[in-house]
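A short write-up of the structure that comes next.
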Amino acid sequence: MLSKRTVFSVIAVLAVLVTATQMPSFAVAQTAPSCGTEPVTLKATFETGFDLPFRLSEEFAKQYPNVTWDISQDQFANLINTTPRLLSGDNPPDLIRLPTMVSFAKQGLLMNLDDYATAFGWDEWPVPQLNQNRVSPDGIRGSGSLYAMGLNYSLTGIFYNKELADQIGMTEPPKTVAEFEDLLAKAKEAGLLPIMQWGSAKSGMGLAFPLQNLMAAFGPVEPINEWIFQKPGATIDTPENLVAAQHLEQWIQNGYFPPDINAIEYTDANARFGQGEGVFIFNGDWQNAGYDTDMPGNVGFFLMPPAEEGGSPAAMSAPLTFGIAANAKNADCAAFFLNWVASNDEARQINVTVGGSNPGGPADASMPSVTEGSVTNETLAAGAVVGLAGTSMDFIANATSAIFAQGWTPELQKVVGGRQDAAGLLTAVQAEYERELAE
Amino acid sequence: MMMTSDNRPAAPAVSRQISLSKVIHRETIIGWLFVLPALVMYAVFVLLPLLMSIQYSFFRWDGIGSMTWVGFDNYATVLEVPDLLGTIFNAFKLVVFFSFIPVTLGLVVASIIHRVAPGRLGAVARTVLFLPQVIPLVAAGIIWGWLLALPGLINQSLRAIGLSAVTRAWLGDFDWALPAVGFIGVWVLLGFCTVLLWTGMTKLDPALFESARIDGASWFAEFRRVTVPLLRHEIGVCLTVTVIAALAAFDIVYVSTAGGPGNSTAVPGIQIYILAFTEQRIGLASALAVMLMALVLVVVLPIQRLSRETT
């Protein structure tokens, strides 16, 4: 028989145990996840050709000496193909550059970052930053749980060669599409190539950039984002988008793009623009450092102007997305790194200097200084305009993992070759989109 | 059998027979043992994936999650989607460039080397023609990409001789991209065909050529009546290898055009890659792969048959 005393002591022990088990969880909620003090090896997969993550990881290891990196890298096009296998493997990466994310989130391959968002206070950051990385249970992007974070937030628009722009009498950036088209016509008359752009299937069709900019000039951005986020019933084949596609078709027929565009790769287009071929090029701020090097002081940037004067310019803007594998061994440390990138001053400085894009983060975070004369000054200022107007969109090339390779690239190439018209382009891409989503 | 002739005692003959069959038996086992490592590799890396592809082609599968049985649906999709079927037509167009041209040209070149330049000059010619076989195809594809670009060497040369009107971005032109890719194929495969056919020619009895020449046969008559008929086997091998290279083409096309512009150079190999790895539709990709394999067999088996028939 149990004595009263034993019962009491059992209760006392139980009470201590209960408090003890509660105590640590309380403590965890108070201190955010970190890399600890024990040696940690972060396994990461980065994209080849982009310095930023490598430079950030070096700085991180300097500040947190217990962390060592095990980094593998691959081309973006290859990452699209290898990511599912990397994530589902026995030794998945703690941190990985995500080319797309919806299917991986749905397949349970990515870690749900909601708890980290609470712990680090990410959900108090300006809303658009995190929204593009949210996926709802039925696989629609834009809302739901958080599955990735952006290392930074890129911005696209129109870069121009200042000397050549002078030649055609451009004193300030165009305020409407019509003004921009005037400049294109003047450049053509002056015997200059109006727009340098890439279009080879090897790097994907760069005409998707001017096309999407035209779409956002002639219509609202919401339906475009809904299409990219795979909202049920969304279509790209709208009357506004048809007007946009017709403008692009006209630009092609007017000879505003290089005649060999279907064979030009991304790197070739930028090299040729850097050598003075082309007054304008549609591209993103990730190329800032390259343009600054190729044509120092001679490159400017403006956002695609709206159709009507006084309207809000819109831009494609996307996070440089990194995720954590669902079975990652060092998820806490990887999440801590993502938070550090956005909040550490040194990291933010590297982000702007090397990456050229807005580092995002909390609304009150300080903006790092930029070298004078760098085009980065102009892209960051433009980013603020888009941020205020709330007119940022993701890329139509990223709507599904294969829509670029199987839809936009071949169909836009056909428009260049005169084998497809504006209406047919939108119908064909919409059909491909529906075919892919039907799977 | 010789050993069991009547004037010899029966018993030793029988025992010799037994020991002989034992030897044969042992040799068979040893033979199999020698073949075994290669056979295991072949089974694991060729036969097993082949059977697995056939299995996958009957399922809908993203490569990670659960597989759903769909019967012949994937095969029906290949036949229904014009872009997928179109790749097979492109592959047949490539056969002209990868197979017919290299074999025909190879025969002519080999016969010229054989008749005109048997010495050092012939050796140099063979080496130069064979070099593309040694260069990695990916590197070759990149170099050809530069050569065929609008600012590239080929267009520069055309401009220099006053043919500016025909210059174009060869790999970005709807009408010319496939012939341009085919031309790279000719460059790669001509050396292989030439060397193989030339080797065949050197094994032919010189007396045949001598008598043909004594009879006053021209080079062409000698080529048509003596060389070609006697080289049936070599021509058969050349055709087989190059037809397979055309129908199953991937690397040259992927590195030079990646299937563009439009889908004008898209071949089954490229589509299988995109379907399997970009779209994560392993079932559909496997169905296209199995159909491609069947197609290759249908085309290649008759060639094999023809070249084996004796006249």
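Please read all numbers here as calculations on a predicted model, not as lab measurements. Just so it is clear: chains get the letters A, B, ... in the order the sequence lines come, proteins before strands, and each one is counted from 1.
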Problem - Pair A:Tyr291 + A:Phe273: ring centers closer than 6.0 Å - result: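 Yes, ring centres under 6.0 Å apart.
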Exercise for the section: Compute the centroid of each ring, for B:Phe192 and then for B:Phe130, and state whether the two points are separated by less than 6.0 Å. Expected result: no
Using non-hydrogen atoms and a 4.5 Å limit, figure out which bit of [X] sits close to chain B: side chain, backbone, both or neither.
X	value
A:Pro258	neither
A:Phe104	side chain
A:Leu109	side chain

Problem - side chain to side chain donor-acceptor pair (under 3.5 Å) partners of A:Lys329, counting only residues at least two apart - result: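 With sequence neighbours excluded, A:Lys329 shows a side chain to side chain donor-acceptor pair (under 3.5 Å) to A:Asn91, given in chain and number order.
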Problem - Set of residues satisfying side chain to side chain donor-acceptor pair (under 3.5 Å) with respect to A:Asn161, sequence neighbours excluded - result: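 In terms of side chain to side chain donor-acceptor pair (under 3.5 Å), with neighbours along the sequence ignored, A:Asn161 is linked to A:Asn298.
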Exercise for the section: Answer with yes or no whether the side chains of A:Asp237 and A:Thr235 bring together a donor and an acceptor at under 3.5 Å. Expected result: no
Handout entry: Per-residue contact mode, B:Leu150 against chain A (heavy atom under 4.5 angstrom)
Key = both
Problem - CG on A:Leu184 to CG on A:Leu193, rounded to 0.5 Å - result: 10.0 Å
Handout entry: B:Val267 vs B:Ile270, side chain to side chain contact (heavy atoms under 4.5 Å, CB included): CA-CA, chis, key distance, verdict
Key = CA-CA 6 Å; B:Val267 287; B:Ile270 302 260; 3.6 Å; yes
Problem - Residues which pass ring pair (Phe, Tyr, Trp, His ring centres under 6.0 Å) with A:Phe322, listed by chain and number, not counting sequence neighbours - result: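 Residues passing ring pair (Phe, Tyr, Trp, His ring centres under 6.0 Å) with A:Phe322: A:Phe46.
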Distance-only donor-acceptor pairs under 3.5 Å across chain A and chain B:
from     : atom 1 : to       : atom 2 : distance (Å)
A:Asn81  : OD1    : B:Thr278 : N      : 3.2
A:Asn81  : OD1    : B:Thr278 : OG1    : 3.1
A:Asn81  : ND2    : B:Tyr273 : OH     : 2.8
A:Gln107 : NE2    : B:Asp62  : OD2    : 2.8
A:Lys202 : NZ     : B:Val255 : O      : 2.6
A:Ser401 : OG     : B:Thr278 : O      : 2.9
A:Gln406 : OE1    : B:Gln271 : NE2    : 3.3
A:Gln406 : NE2    : B:Gln271 : OE1    : 3.3
A:Gln406 : NE2    : B:Glu279 : OE2    : 2.9
A:Gln413 : OE1    : B:Gly262 : N      : 2.7
A:Arg419 : NH2    : B:Asp175 : OD1    : 3.0
A:Arg435 : NH2    : B:Glu279 : OE2    : 3.4
A:Glu439 : OE2    : B:Arg281 : NH2    : 3.1

